[in-house]
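This report concerns only the one structure given below.
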Amino acid sequence: MSVRVRFAPSPTGYLHIGGARTALYNYLFAKANNGKFILRVEDTDLERSKREYEESQLEDLNWLGITYDEGPDKPGDVGPYRQSERTEIYKEYAKKLVDQGLAYYDFCSDEELEKMKEQAMKEGRPPHYTGKWRNEEFFEEAANKLAAGEKGAIRFKAPKKSYILQDEVRGRVVFPENMVGDFVLIRSNGLPVYNFCCVIDDMLMKISHVIRGEDHLNNSVRQLMIYDALNAEPPSFAHVSLLIGKDRQKLSKRHGATSTRLYKEESYLPSALVNYLCLLGWSHPDEKEIFRIDDIAHIFDSKRFSKAAAIYDLEKLKWVNGMHIRSLPEDILKEEIEKFIKEDHFYFKQSDSWKKSVIDLFKNQIEFFSDFEKRLNEDLLHSNIVKTEKLEEVLSWDTTKQISDFLKNKIDIIDGEYLSKNQFQEIFKALKSDLGLKGKPLFMGTRVSLTGQDHGPELGDLIPLIPLNFLKKRLSNF
RNA sequence: GCUCCCAUCGUCUAGCCCGGUCUAGGACAUCGCCUUUUCACGGCGGUAACAGGGGUUCAAAUCCCCUUGGGAGUACCA
């Protein structure tokens, strides 16, 4: 049987980081098994679903490099791929179930339903449907109401038996009898409910494996019931552990950035995000930590999912991002970095070789593309200098005063835009021998005199990249 | 409440299925040292975990049970 998997987001918000991970696992699983990855939009909740969210989610998926074979914008043979466009299909199946006596029309009002639940809770019973409409003797009355144009919901008659789910991740899960009561298939407004359309679609779209969040585990019993009623073979299921926040609660807005979009805006590399997400609940057989997802697709194995929920914590993601930045080819790195530098920045007025040197100088020190401009401004162009205690200390040394005087004399008489590497080396050598300094006083004194900072890249690499007039200006402060 | 799921360093995890090779391995973070000063990179090293209790066994992180803790579901949301 050919492998077909799907990701089925609801367009009720931006793409959630947890959703992105689920999509990723499906994508990887399809790739590993030479299967197809289908994207289906679950927009049956009319009030919350918005087309703009759908568009943004597809866009973000694309940004992450998670591409699908079939979807609303890539029609295949089993469309349409938006549930809102499939309501007739669901109704048809629901009616068939009613005809077979496996479901029934229910005309209870919200108030009646509410009362039923309260009563059950009070008596310590599970809050299941106990309305009269499930009884055959009222079928005729229901038919009359229907004929008279009254709106009723279609409710599924939950069989009184236990169900067993052989889950790829959880193993054998037994759902005892009486776990759920009769549930709604089609709402009185004619729209289907998740558990129903999910099954119909997975069946019609020939989905072979369902990989989804553990929050759906309990839904499975309802879905299994429907497959049974439809006489259809259920797909195999893999319920992946959930992503949670530091407080071990379900990931939500208050845990900070939970939408994929924000990572895009903060200049994270999609390859890094996806690399990190992949490792949150799945492990590489060789414990490799840094990889491109397409490189591991062929070894992706659903047996390596972990069962426990993972805390979503940004620290490691930052590191992964830095690693991905460093592995970028030179020209792409340059291109990406430049996207995050202001158009009128000093950087763009410099020569290509200068740009290259500067990128080489900083690329190992940044975790984000947006860090580059910061480094440039602080380490090279000396804006935003913070007077630290350490800096004050170095400034107070007599040797520092000697160094700055010496440098001022040497550098003031040099013309040009930059100091060459050789020029700097010579000056530095002279400084060393003339003043007889070494170690910390020498290096720190020179650094502070020339950059105004107590830290930064290797002096020999850094100084020749600082415009000469900046150096002169700096020295004139002493 | 009821049902289901989960439980290894602060965090992500390997190991668990097929008990001994585990005085529990890796990574992030953290700390220390080295890399002629700093930051970073790199290298080396340190701190740090099998939730608790019972079994089974010559032997348990690994198998079984209980407790505790956490999570999910219990909708005419998805």
Exercise for the section: Verify the ring-centre separation between A:H324 and A:Y276: is it less than 6.0 angstrom? Expected result: no
Practice task
For A:F183 and B:A78, give me the distance from atom CZ to atom P, rounded to whole Å.
Solution key: 13 Å
Fill in the blank from the handout: For B:A24, the nucleotide meeting Watson-Crick or G-U wobble distances (both under 3.5 Å) is none
Practice task
Report the distance from atom CG of A:D371 to atom P of B:C39, rounded to the nearest whole Å.
Solution key: 17 Å
Exercise for the section: May I ask you to say what A:T446 touches in the nucleic acid, namely base, sugar-phosphate or nothing, with a heavy-atom cut-off under 4.0 Å? Expected result: nothing
Exercise for the section: Would you indicate what A:R125 reaches in the nucleic acid, counting non-hydrogen atoms under 4.0 angstrom: base, sugar-phosphate, or nothing? Expected result: nothing
Problem - Sub-6.0 Å ring centroid separation between A:F138 and A:Y105 - result: no
Practice task
Could you tell me whether the phosphate oxygens of B:A78, OP1 or OP2, come under 4.0 Å of any side-chain nitrogen or oxygen in A:R48?
Solution key: no
Exercise for the section: Evaluate the ring planes of A:H284 and A:W282, with Trp represented by its six-membered ring, and classify them as parallel (under 30°), tilted (30 to 60°) or perpendicular (over 60°). Expected result: perpendicular
Exercise for the section: Return no unless some side-chain N or O of A:S306 is found under 4.0 Å from OP1 or OP2 of B:U13. Expected result: yes
Problem - side-chain N/O A:T44 vs B:A78 OP1/OP2, d < 4.0 Å - result: yes
Practice task
Could you check whether A:E315 gets within reach of a base, just the sugar-phosphate, or nothing at all, counting any heavy atom under 4.0 Å?
Solution key: sugar-phosphate
Completion exercise
Taken to the nearest whole Å, CG/A:D215 to P/B:C77 is 17 Å
Handout entry: Check: A:F305 ring centroid to A:F300 ring centroid under 6.0 Å
Key = yes
Practice task
Looking at every strand, decide which applies to A:R304 at a 4.0 Å heavy-atom threshold: base, sugar-phosphate, or nothing.
Solution key: sugar-phosphate
Problem - Identified pairing partner of B:U56, criterion: Watson-Crick or G-U wobble below 3.5 Å - result: none
Handout entry: No-H, no-angle donor-acceptor pair, A:Q249 side chain to B:G71 base, under 3.5 Å
Key = no
Problem - A:E214 CD - B:U3 P separation (whole Å) - result: 17 Å
Exercise for the section: Assess whether side chain to side chain donor-acceptor pair (under 3.5 Å) is satisfied between A:Q223 and A:N195, documenting all intermediate values. Expected result: CA-CA 6 Å; A:Q223 298 184 8; A:N195 281 301; 3.0 Å; yes
Exercise for the section: Return the nucleotide paired to B:A72: Watson-Crick means purine N1 to pyrimidine N3 with N6-O4 or O6-N4, wobble means G-U with N1-O2 and O6-N3, both under 3.5 Å. Expected result: B:U3
Problem - Whole-Å distance separating the CE atom of A:M225 from the C1' atom of B:U74 - result: 13 Å
Practice task
Identify whether any heavy atom of A:V320 sits under 4.0 Å from a base atom; if not, whether one sits that close to sugar-phosphate; answer base, sugar-phosphate or nothing.
Solution key: nothing
Handout entry: Distance test, side-chain N/O of A:S283 to OP1/OP2 of B:A14, below 4.0 Å
Key = yes
Practice task
Give A:P126 one of three labels, base, sugar-phosphate or nothing, depending on what nucleic acid heavy atoms sit under 4.0 Å from its own.
Solution key: nothing
Exercise for the section: Using a 4.0 Å heavy-atom cut-off across all strands, classify A:R447 as base, sugar-phosphate, or nothing. Expected result: base
List, with names and distances, any nitrogen or oxygen atoms from the protein found under 3.5 Å away from nitrogen or oxygen atoms belonging to nucleotides 61-69 of chain B.
none

Exercise for the section: Assign A:S188 to base, sugar-phosphate, or nothing according to its heavy-atom contacts below 4.0 angstrom with the strands shown. Expected result: base
Practice task
Could you state the atom-to-atom distance from CD1 of A:I311 to P of B:A29 in whole Å?
Solution key: 18 Å
Handout entry: NZ or CZ of A:R222 within 45° of A:F183 ring axis and under 6.0 Å
Key = yes
Exercise for the section: Select base, sugar-phosphate, or nothing to describe what A:H128 touches, counting heavy atoms under 4.0 Å on all strands. Expected result: nothing
Exercise for the section: Check the distance between B:A75's P and A:L185's CG and give it to me in whole angstrom. Expected result: 15 Å
Exercise for the section: Strictly below 4.0 Å, heavy-atom distances to any atom of RNA chain B: list the hits from residues 81-90 of chain A, or just say none. Expected result: none
Practice task
Determine the contact category for A:E42: base if any of its heavy atoms lies under 4.0 Å from a base atom, sugar-phosphate if only primed atoms, P, OP1 or OP2 are that close, otherwise nothing.
Solution key: sugar-phosphate
Exercise for the section: Give A:N219 one of three labels, base, sugar-phosphate or nothing, depending on what nucleic acid heavy atoms sit under 4.0 Å from its own. Expected result: base
Practice task
Using a heavy-atom cut-off of under 4.0 Å over every strand shown, decide if A:L113 touches base, sugar-phosphate, or nothing.
Solution key: base
Completion exercise
Pairing partner of B:A48, by Watson-Crick or G-U wobble and under 3.5 Å for both distances, is none
Practice task
Could you tell me which nucleotide pairs with B:C33 by Watson-Crick or G-U wobble geometry, both distances under 3.5 Å, or answer none if nothing does?
Solution key: B:G43
Exercise for the section: Please work out if A:G445 contacts a base, only the sugar-phosphate, or nothing of the nucleic acid, heavy-atom cut-off 4.0 Å. Expected result: nothing
Problem - Heavy-atom check, side chain of A:C278 versus side chain of A:I296, under 4.5 Å - result: yes
Practice task
Examine B:A27: is either OP1 or OP2 under 4.0 Å from a nitrogen or oxygen in the side chain of A:K316? Give yes or no.
Solution key: no
Practice task
Look at the side chain of A:N218 and the base of B:A72, then say whether one donor and one acceptor between them are separated by less than 3.5 Å.
Solution key: yes
Problem - Atom pair distance, as rounded to whole Å: NE2 in A:H239 and C1' in B:C5 - result: 11 Å
Exercise for the section: Mind checking A:A153 for me? I need base, sugar-phosphate or nothing, with any heavy atom below 4.0 Å counting as a touch. Expected result: base
